[in-house]
Amino acid sequence: MIYDRLTTRYTFACPEHGDTRVALSRFRRLERLPGAAKPAVFRVDFECGCGEEHPGLVTHAELDWAPLGLGTGDSFLNLMTARLEELEAELADLAATRIGAGEWPWSFFCYPESRPRPVFPSAFFLLAPGSPGRTIGLAVRCPACGNVSVNLVSRGHVDLPFHNDGAIGVVEHVFEADALRTIEAFCTELHSASFDARRLLL
Ligand SMILES: [Zn+2]
Ligand SMILES: [Zn+2]
């Protein structure tokens, strides 16, 4: 289990420091590995505290379900105490209730469809610091229409489930499927694009 709900951090290996803990907003690139369908595994490049980028692996469940307290298969290992299992069950119930009430754990603004959409982190594929520095540029492949949108959001919008920014920046551009193949191309786009503010009212 590499995701810790209390700190909302993922644990990865750093060649300098051994274990390091990073929030989702420190991920830079996510790529679903071909094959190995069950469970799906994503290769992640993350920006480490040491200043370098390192690769890591996360399962689909760790990416999309663990932040919600939903079972990731290995969260009910025997080493867990009964109390922790209860707590996890409560958290999962809470997440299910909120989703059932129409709250979205994560959302983005789909530019081609001109509407906000619910999304899970596995649909994020490039992230980079935007300007101003507190923001994150986020490339999302829309689960509904398959098109790519680039949003400018807060770190909390990415890191904290059910924290949706009231308004976000949207690049007014329809991207070709392979336009944002590299993080370099993405950063160039982020810093040259103009963002239009859109409300993410749900
Ligand atoms: Zn490092
Ligand atoms: Zn869409």
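On a predicted model such as this, the values are computed, not experimentally measured, just so you know. Ligands are counted one by one from 1 in listed order, and the atoms in each one are counted from 1 as well.
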Given SG of C145 on one side and SG of C110 on the other, what angle do they make at the Zn ion (ligand 2), to 10°?
100°
Lys/Arg N to Asp/Glu carboxylate O, E47 vs R29, below 4.0 Å
no
Restricting to N, O or S atoms of H54, which is nearest to the Zn ion (ligand 1)?
NE2
E113, N/O/S atom nearest the Zn ion (ligand 2):
OE1
With distance as the sole test, does D159 use its side chain to make a donor-acceptor pair with the main-chain N or O of L24 at under 3.5 Å?
yes
Students often mix this up, so state it plainly: with edges at 30° and 60°, are the rings of H173 and F175 parallel, tilted or perpendicular?
perpendicular
Under 2.8 Å from the Zn ion (ligand 1), is there an N/O/S atom belonging to H17?
no
Between H54 and F46, how do the two ring planes meet: parallel, tilted or perpendicular, split at 30° and 60°?
perpendicular
